[in-house]
Amino acid sequence: MRTSQFPLQTVKETPSEAEVASHQLMLRAGMIRKLASGLYTWLPLGLRVLRKVEGIVRDEMNRAGALELLMPAVQPAELWLESGRWEKYGPELLRLNDRHQREFCFGPTHEEIITDLARNELQSYKQLPVNYYQIQTKFRDEIRPRFGVMRAREFLMKDAYSFHASQDSLQQTYDQMYATYSRIFERCGLMFRAVQADTGSIGGNASHEFHVLADSGEDAIAFSTASDYAANLELAEALVPAGERPAPAAEMKTVDTPEQHSIDEVSTFLNTDPSSCLKTLIVHGTEEESLVALVLRGDHELNPIKAEKLEMVAEPLTMATDEEIKSAIGCSVGSIGPVDINIPLIADRSAAAVADFICGANKDGKHYTGVNWERDLPAPQTADLRNVQEGDPSPDGKGSITIARGIEVGHIFQLGQRYSEAMNATILDENGRAQVMTMGCYGIGVSRVVAAAIEQNHDEKGIIWPAAIAPFQVALLPMKLNKSHRVQEAVEQLYNELQDAGIDVLLDDRDVRPGFMFADMELTGIPHRIVVGERGLDEGTVEYRGRRETENSMIAIDQIVSVLRERLSNDTT
RNA sequence: CGGAGCGUAGCGCAGCUUGGUAGCGCACCACAAUGGGGUUGUGGGGGUCGAAGGUUCGAAUCCUUUCGCUCCGACCA
């Protein structure tokens, strides 16, 4: 391809709307343009990358024996009513009416459609297992679209759904998809981790998320230093602290703590450590107008997912308002404590293991010190309520926790019979009896992978593509193209040779100054660059530089194609 | 949806407080010079100032309404 035929729509200035690196760079490099909130046009340069990711995904899915199909993006309401999700899915579902006022939605996912297909197409256990997939545009009316195509409303997704006669069979396909996903992200040249995940609203048994590791990622992931344990922070268990709670050593006293509200303020004021303070959070309970007190160690953070799984606690988790707290407990937020509190109380397991602690006295401006469970107040009901922290023991008993950030690009689920049962998707088993099928589902955010790749691989000059998904593998830059016949001849010949070698090459034949070309090629992230100029030609060489390198190397012009071919084959493995 | 902010040329912004010819940089077009890290000069094209209504002799500017977008909190590939 030549830049004269493939214009680079690059811009020097960063559009003000873009917050994160990938969004800024995708706009600046001319990969995408925004049409409206959460809606993007993929320009030719961006589409080349999207198609390459898509190609890898398709290739690996096919290799795993999955069958590609294509379902409609617009779906009739009936099926969603049948599964119960027409009500449940809420405002994120874009609903439409046709000219006859029949109700439809634009598909945010396709469980209903595929289950409907399966119940019609599949009659016998002999047809199982099957794994159908598609690569298709989805729409989710996100509350807050953000970060360009990272969290767009319309996005490209690969979604797969498998059907089984047994849990064993599901487990086999699940394991195979786990391996397939690993291969896909490896081939994309990305650093990623598979982590245990919450099954969330979709429900089901096992679930893993695949995260591209990047400091700007929205999710926190807990890893073990000594094993392959990895879990979403939402899910990672904080273990019961080892050892007995120390015996009380101090007298319980009331102290004045004027204007000291936060744990930091109180612990600094009393010259102690946050870990010896307990904080008490008041949340709404399941019962009408009821409140529940959650007690955590001062240096720990509440995990809302864990909290809202408690029977007593309302889902979704909401904090009580200042007024509710004032009227129920009689003090303001900064002075609440577990002693003599008049609402149900649940303590985090770590908080229950602290002796001689400091806590609010349920009177403004007062705290207690030297408080002890069982002596000064009853031993609490306990639960795992907190986020794990760096340095906590790993839940699998091996090593300790480190925390990294990631971007969720894939998610695999064992759905079980959630949809097949609701929609009566059955097959006949060996005994001729109807049996509800067991399902799995497997998603990859194809357009998000593109953004995540940039988030993980960029520098101050621009994008640095992994070779397998780069829009072009090699940039060919002639110096003084319009002034030098020698350069012209050499570069044309090289261009043809590279193309004949099956290399994706972009020849910059614009009449622009070299600095302009360099800047554009670096911004658009083309991994390999060749400069052809008079200087080199005198010696029979061209200049080569990899996108991550800072120095040129001179390579004989008759060697360059084989050198490149070798580097590219190393890149893609 | 709640809170904050912004809408002026394709992009980045000034002008608004104190009403009076709509500006700057980048990009774009033409010519010339330049030609190995976003070069320079000269000349040029492009804006119903988000929209509607009001106040006024006169509104980008003041008032009201409305739409859109971005950011901070609850969803997910």
Side-chain angles (χ1 to χ4, degrees), chain A residues 8-20 23-24 27-28 30 33-39 53 57 89-93 108-110 135-160 181 197-198 200-202 207 209-212 218-219 232 234 304-305 308 315-319 406-413 441-452 461-462 477-484 487 510-523 529 531-536 543 545 550 552:
Chain A
L8 298 172
Q9 309 283 353
T10 55
V11 285
K12 219 191 288 186
E13 277 164 306
T14 303
S16 58
E17 72 191 46
E19 201 70 4
V20 295
H23 188 195
Q24 293 175 347
L27 288 167
R28 286 190 52 207
R33 292 287 181 254
K34 185 177 75 174
L35 177 65
S37 176
L39 302 178
V53 175
V57 171
Y89 212 93
E92 212 176 298
L93 186 64
T109 175
H110 278 67
I135 298 174
Q136 189 221 29
T137 298
K138 300 278 190 274
F139 189 95
R140 295 181 188 173
D141 202 350
E142 295 275 353
I143 298 162
R144 189 145 88 84
R146 247 188 298 198
F147 307 150
V149 299
M150 188 91 85
R151 181 183 297 278
R153 293 194 291 176
E154 189 176 300
F155 61 100
L156 190 66
M157 179 173 171
K158 186 284 297 175
D159 48 328
Y181 274 37
D198 187 48
S201 55
I202 302 181
S207 167
E209 291 169 353
F210 286 76
H211 286 260
V212 167
E218 286 193 270
D219 287 291
N232 197 305
E234 292 171 355
I305 308 278
E308 70 188 20
E315 192 182 348
L317 183 81
T318 45
M319 304 300 287
I407 300 164
E408 186 189 352
V409 290
H411 202 160
I412 59 178
F413 268 96
C441 77
Y442 321 92
I444 290 180
V446 178
S447 42
R448 184 181 279 181
V449 169
V450 176
K461 291 174 179 166
L477 308 185
M479 297 293 104
K480 299 187 209 167
L481 181 65
N482 298 329
K483 292 277 162 66
S484 164
V487 169
R510 295 175 295 182
D511 183 19
V512 294
R513 299 171 71 92
F516 213 96
M517 292 184 188
F518 295 148
D520 266 357
M521 296 305 143
E522 281 157 354
L523 175 59
R529 175 176 97 187
V531 173
V532 180
E534 296 250 342
R535 283 185 204 165
E543 291 158 33
R545 190 192 295 192
T550 52
N552 291 331

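No hydrogens, no waters, no symmetry mates; every other heavy atom, side chains included, goes into these values. Here is how names work: the chains are called A, B, and so on, in the same order as the sequence lines, proteins then strands, and each is numbered from 1.
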Heavy atoms from C-beta onward define the side chain here; which of [options] lies closest to that of [X]?
X: A:Met479; options: B:A77, B:G38, B:G36; answer: B:G36
X: A:Met157; options: B:A74, B:G38, B:A77; answer: B:A77
X: A:Arg151; options: B:G36, B:G37, B:A77; answer: B:A77
X: A:Arg513; options: B:U34, B:A77, B:C26; answer: B:U34
X: A:Glu13; options: B:G12, B:A74, B:U70; answer: B:G12
X: A:Arg140; options: B:C69, B:C75, B:A77; answer: B:A77

If pairing requires Watson-Crick or G-U wobble contacts with both distances under 3.5 Å, which nucleotide is the partner of [N]?
N: B:G73; answer: B:C1
N: B:G45; answer: none
N: B:G35; answer: none
N: B:C57; answer: B:G20
N: B:G68; answer: B:C6
N: B:C11; answer: B:G25

Is the NZ or CZ atom of A:Arg529 both under 6.0 Å from the centre of the six-membered ring of A:Phe518 and within 45° of that ring's axis? yes
Side-chain N,O ([X]) to OP1/OP2 ([N]) below 4.0 Å:
X: A:Ser16; N: B:C13; result: yes
X: A:Lys461; N: B:G38; result: no
X: A:Arg144; N: B:A74; result: no

Which distance, rounded to the nearest 0.5 Å, do you find between the [atom1] of [X] and the [atom2] of [Y]?
X: A:Leu481; Y: A:Asp511; atom1: CG; atom2: CG; value: 8.0 Å
X: A:His110; Y: A:Met157; atom1: NE2; atom2: CE; value: 9.5 Å
X: A:Gln24; Y: A:Ser16; atom1: CD; atom2: OG; value: 10.5 Å
X: A:Asp520; Y: A:Thr10; atom1: CG; atom2: OG1; value: 3.5 Å

So what does [X] hit on the nucleic acid, given a heavy-atom distance under 4.0 Å: a base, only sugar-phosphate, or nothing?
X: A:Arg28; result: base
X: A:Asp141; result: nothing
X: A:Gly410; result: sugar-phosphate
X: A:Ala452; result: nothing
X: A:Thr318; result: nothing
X: A:Gln136; result: nothing
X: A:Val11; result: nothing
X: A:Val446; result: nothing
X: A:Arg545; result: base

Got a donor-acceptor pair under 3.5 Å from the side chain of [X] to the base of [N]?
X: A:Arg529; N: B:G37; answer: yes
X: A:Lys483; N: B:G35; answer: yes
X: A:Glu522; N: B:G37; answer: yes
X: A:Asn482; N: B:G35; answer: no

To the nearest Å, give me how far apart [atom1] ([X]) and [atom2] ([N]) are.
X: A:Glu17; N: B:G12; atom1: CD; atom2: P; value: 7 Å
X: A:Arg146; N: B:U70; atom1: CZ; atom2: P; value: 11 Å
X: A:Phe155; N: B:C75; atom1: CZ; atom2: C1'; value: 12 Å
X: A:Phe516; N: B:G37; atom1: CZ; atom2: C1'; value: 12 Å
X: A:Lys34; N: B:C11; atom1: NZ; atom2: C1'; value: 13 Å
X: A:Asp511; N: B:G38; atom1: CG; atom2: P; value: 16 Å
X: A:Glu543; N: B:G36; atom1: CD; atom2: C1'; value: 8 Å
X: A:Glu19; N: B:U70; atom1: CD; atom2: C1'; value: 8 Å

For [N] versus [M], give the span between their [atom1] atoms, rounded off to a whole number of Å.
N: B:C62; M: B:G45; atom1: P; answer: 31 Å
N: B:C1; M: B:U39; atom1: P; answer: 46 Å
N: B:A60; M: B:G54; atom1: P; answer: 15 Å
N: B:G10; M: B:C28; atom1: C1'; answer: 9 Å
N: B:C11; M: B:U55; atom1: C1'; answer: 35 Å
N: B:G41; M: B:A9; atom1: C1'; answer: 24 Å
N: B:G5; M: B:C63; atom1: P; answer: 15 Å
N: B:G47; M: B:G2; atom1: P; answer: 38 Å

The salt bridge (charged side-chain N to carboxylate O under 4.0 Å, His left out) partner of A:Arg146 among A:Glu218, A:Glu19, A:Glu17 is A:Glu218
Ranking A:Phe147 and A:Asn552 by the position along RNA chain B of their nearest nucleotide, the one closer to 5' is A:Asn552
First encountered from the 5' end of RNA chain B, between A:Val512 and A:Glu408: A:Val512
A:Glu543/A:Arg535 ion pair, N-O < 4.0 Å: no
Hey, are A:Glu142 and A:Arg151 close enough for a salt bridge, meaning a charged N less than 4.0 Å from a carboxylate O? yes
Give a yes or no on whether the backbone of A:Leu39 and the side-chain of A:Arg153 come within a donor-acceptor separation of less than 3.5 Å. no
